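These notes concern the structure reproduced below.
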Amino acid sequence: MDYKQIVAEDLSAQLSEHLTTEEIYNLLEKPKNEEHGDLAFPTFQLAKVFRKNPAEIASDISGDFSSEIVSSVNVVGPYLNFYLDKGEVSAEVLGEIISKKQHYGNSDVGAGKNIPLDMSSPNIAKPMSMGHLRSTVIGNALANIVEKLGYEPIKINYLGDWGTQFGRLITAYKLWGEEEKVRANPIAELNELYVRFHEELEEEPELESVGREWFRKLEAGDEEATELWRWFREESLNEFHTIYERLGITFDSMDGESFFNDKMDEVVDILIEKELLVEDQGAQVVRLDQYDLQPALIKKQDGATLYITRDIAAALYRKRTYDFEQALYVVGQDQIYHFNQLKAVLRTMGYDWEEDIHHVIFGLISIDGAKMSTRRGKVVLLEDVLNEAVERALTQINEKNPNLANKEEVAEKVGVGAVVFHDLQHDRRNDFNFNLDDIVQFEGETGPYVQYTRARALSILKKANVDADYFKDNNKFSLTDDYSWSIVKLIQSFNGVLARAHREFEPSIVAKHALSVAQAFNKFYANVRVLDDNPEKDSRLALVYAVALMLEEDLRILGVQAPDEM
RNA sequence: GUACCUGUAGCUCAGCAGGAUAGAGCAUUCGCCUUCUAAGCGAACGGUCGGGGGUUCGAAUCCCUCCAGGUACGCCA
């Protein structure tokens, strides 16, 4: 139920001559200070039409207010402050979440519409870094968000399994590689070869053309090149898989860049047919002057294709295959220019659906102020961070809850959860400097704090010996104290949270919701006794249950697992 | 040089289509475990919202400009 709408309609009865219900709805705001009520209506804008000062208008309107859901209306200067009926609203909100459980907040606005998400995209033969974590968890959370809104998310792991780099890697392997070493430790060994290639390149610039030649062969289907490439890819995927498993993330498609190798001729053909492809300095380009962009390089001098060529092919393929409503590309902000070019090329090709392509940018992670770079060996490996986080979580458990059963399992959830939550709680555009102590933090606004709050809630339910069935036959849980009321309002706001998170492609809005619910519950917990015998015990238990459901759903959307005890 | 992103408390950040005294967390100091998990709760301390103009009844929020940091700008992805 949308209480704002009800209040807006009621106000509209008096103001319809001057403002539409929708305008009133948009003017209604949530007061920053809870003492100012649950909804506020500022009257400044009416001052001109009424030819009165705002404060006077406010007191004039307040008299004729009739909505049942509103318990009182206070006039404070130019503001009309509405106080909702806590008993009524809490009964309704708690009843709804308890009956819907994990379906609370679901809607069907996106029914029948597809949203492919280009995400994660690790590079074959390179270790997954913290940067890949961002793309992976942001993409995963967005997929969960749009799914709640009824859309069909298609999580595509656009693997970096093609490109000139493989020519280099093959060159390096043939020069210095050993099969046994690669088999024993594939990614580490291959990455070392790749780094060595770039080191030796300083001394021997001609290596570059050897690398290019190998990639050309690979594109042409040369047997030896293909065999090596396939092997590198397979070994790498095995290693990636263990990390995805730890993160609890699956994909609907593993169509990486190589998948489009045989689909690029078509792109070139279409560009030629539309007379968009021109030669420039020996390369084939599409001019984008009308968009104030540099030309997009479609084919290099040696005829090999480039990143954008594959992305054009991928976009065409995805449009045909999924007929998407939106296509999200969860890729770092350093590729803004590339996506501007991509969209511009699609536009010049006459595809107006390029408007549905959204580059969901995220900020870059630096180390001591410098950008991460695999080539220079300057990376923070995701696996190391996860392991360290889990280890610290285990230490914490031994200290705080030494009798806990299955400590390792809980430590895994808490440690990994801390890392994932940390990545999702801030505006995705923020750059940040890598700091392990910040990431593996368990107190305050953190993932473990939310997990812990949920565990406390579950603990109460366990002590009270109640489960979901307990609440089945009783739909009237009514609470009027301020601690409960804060929680009820937050639960009620969940629909808006989801809508906004989708509109802005911003998982942090969900993370902040989780934190707010946890904070409100911990205040409640410190001030309100649930298990004592009193008339409100059942309603309080219902609230505790609702909080557990809400936190679990927030965390699930974010891709954070929640242990029942910790 | 051009474009985009960012600039709010010592640190990390909120502040959602402008609205009532600018909010959290961390750190520091001090309280609260004979009560449902103290990974918690409370209090104190801490800010010329990068600077300057402008629009507005009202600007951290919108516009202009300057400053600082980051990123990207044809044969990497």
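Bear in mind that the values here come from a model prediction, so they are computed numbers and not experimental data. The sequence lines fix the lettering, A, B, ..., with proteins before strands; numbering per chain opens at 1. Heavy atoms only: backbone and side chains are in, while hydrogens, waters and symmetry mates are out.
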(request) Determine, for nucleotides 5-13 of chain B in 5'-to-3' order, which nucleotides have protein heavy atoms under 4.0 Å from the base (write B), from only the sugar-phosphate (write S), or from neither (write -). (result) S------SS

(message) Let me check I have this right: for RNA chain B, each base becomes ., (, ), [, ] or |, based on Watson-Crick or G-U pairs with both distances under 3.5 Å. What is the full string?
(response) (((((((..((((.....[...)))).(((((.......))))).....(((((..]....))))))))))))....

(message) So, does A/K300 get its side chain near the phosphate of B/C76, meaning an N or O under 4.0 Å from OP1 or OP2?
(response) yes

(message) Counting only side-chain nitrogens and oxygens, does A/K32 get under 4.0 Å of the OP1 or OP2 atom of B/A22?
(response) no

(request) Scan residues 397-407 of chain A against RNA chain B and write down, sorted by residue number, each residue with any heavy atom closer than 4.0 Å; if none is found, say none. (result) A/I397, A/K400

(request) Name all pairs fulfilling the salt bridge (charged side-chain N to carboxylate O under 4.0 Å, His left out) condition that reach into residues 21-34 of chain A, sequence neighbours left out, sorted by first residue then second. (result) A/E34-A/K489

(request) Determine: side-chain N/O of A/S459 to OP1/OP2 of B/U37, distance under 4.0 Å, yes or no. (result) yes

(message) Taking side chain to side chain contact (heavy atoms under 4.5 Å, CB included) as the definition, give me every residue that meets it alongside A/N401, ordered by chain and number, with sequence neighbours left out.
(response) A/L404

(request) Under the side-chain hydrogen bond (donor to acceptor under 3.5 Å, both in side chains) rule, collect the residues that match up with A/H422, sequence neighbours excluded. (result) none

(request) Count the heavy atoms belonging to other residues, nucleotides or ligands that lie under 6.0 Å from CD of A/E35, then report whether that count exceeds 12. (result) no

(request) Check if the side chain of A/N340 and the base of B/A3 share a donor-acceptor pair of N or O atoms closer than 3.5 Å. (result) no

(message) My understanding is that only residues two or more places apart in sequence, or in another chain, count here; which of them pass side-chain hydrogen bond (donor to acceptor under 3.5 Å, both in side chains) with A/E213?
(response) A/R216

(request) Sequence neighbours left out, what passes ring pair (Phe, Tyr, Trp, His ring centres under 6.0 Å) with A/H502? Give chain and number order. (result) A/Y151, A/F505

(request) Establish, from distance only, whether the side-chain atoms of A/D2 and A/Y25 form a donor-acceptor pair under 3.5 Å. (result) yes

(request) Please list, chain by chain and in numerical order, all residues satisfying side chain to side chain contact (heavy atoms under 4.5 Å, CB included) with A/V268, sequence neighbours excluded. (result) A/I272, A/L277, A/I298, A/K299

(request) When you get a sec, tell me which of B/A39, B/C16, B/C36 is the closest nucleotide to the side chain of A/Q396? (result) B/A39

(request) Could you tell me whether the side chain of A/D532 has a donor or acceptor atom within less than 3.5 Å of a complementary atom in the base of B/U35? (result) no

(request) Give a yes/no verdict on base stacking between B/A20 and A/H36: centres under 5.5 Å, planes within less than 30° of parallel. (result) yes

Please list each protein N or O that sits under 3.5 Å from an N or O in nucleotides 41-45 of chain B, with the distance.
| residue | atom | partner | partner atom | Å |
| --- | --- | --- | --- | --- |
| B/C41 | OP1 | A/Y449 | OH | 2.7 |

(request) Kindly check if the number of other-residue, nucleotide or ligand heavy atoms within 6.0 Å of CD (A/E200) is above 12? (result) yes

(message) Test of understanding: with side-chain hydrogen bond (donor to acceptor under 3.5 Å, both in side chains), list the residues that count as partners of A/D481, not counting sequence neighbours.
(response) A/S484

(message) So A/D302, base contact, sugar-phosphate only, or nothing? Heavy-atom distance under 4.0 Å.
(response) nothing

(request) Check the chi torsion on B/C33 and let me know: syn if it falls within 90° of 0, anti if not. (result) syn

(message) For A/Y158 and A/F259, I'd like to know if the aromatic rings sit close, meaning centre-to-centre distance below 6.0 Å.
(response) no

(message) I need the full list of salt bridge (charged side-chain N to carboxylate O under 4.0 Å, His left out) pairs touching residues 301-312 of chain A, with sequence neighbours left out, sorted by first then second residue.
(response) A/E257-A/R310

(request) Look at A/Y337 and B/A72 and indicate whether a side-chain polar atom (N or O) is within less than 4.0 Å of OP1 or OP2. (result) no

(message) Tell me whether A/E279 at atom CD has more than 12 heavy atoms from other residues, nucleotides or ligands lying less than 6.0 Å away.
(response) yes

(request) Test A/F82 against A/F41 for ring-ring contact (aromatic ring centres under 6.0 Å, His included), laying out the working first. (result) CA-CA 8 Å; A/F82 299 93; A/F41 183 72; 7.5 Å; no

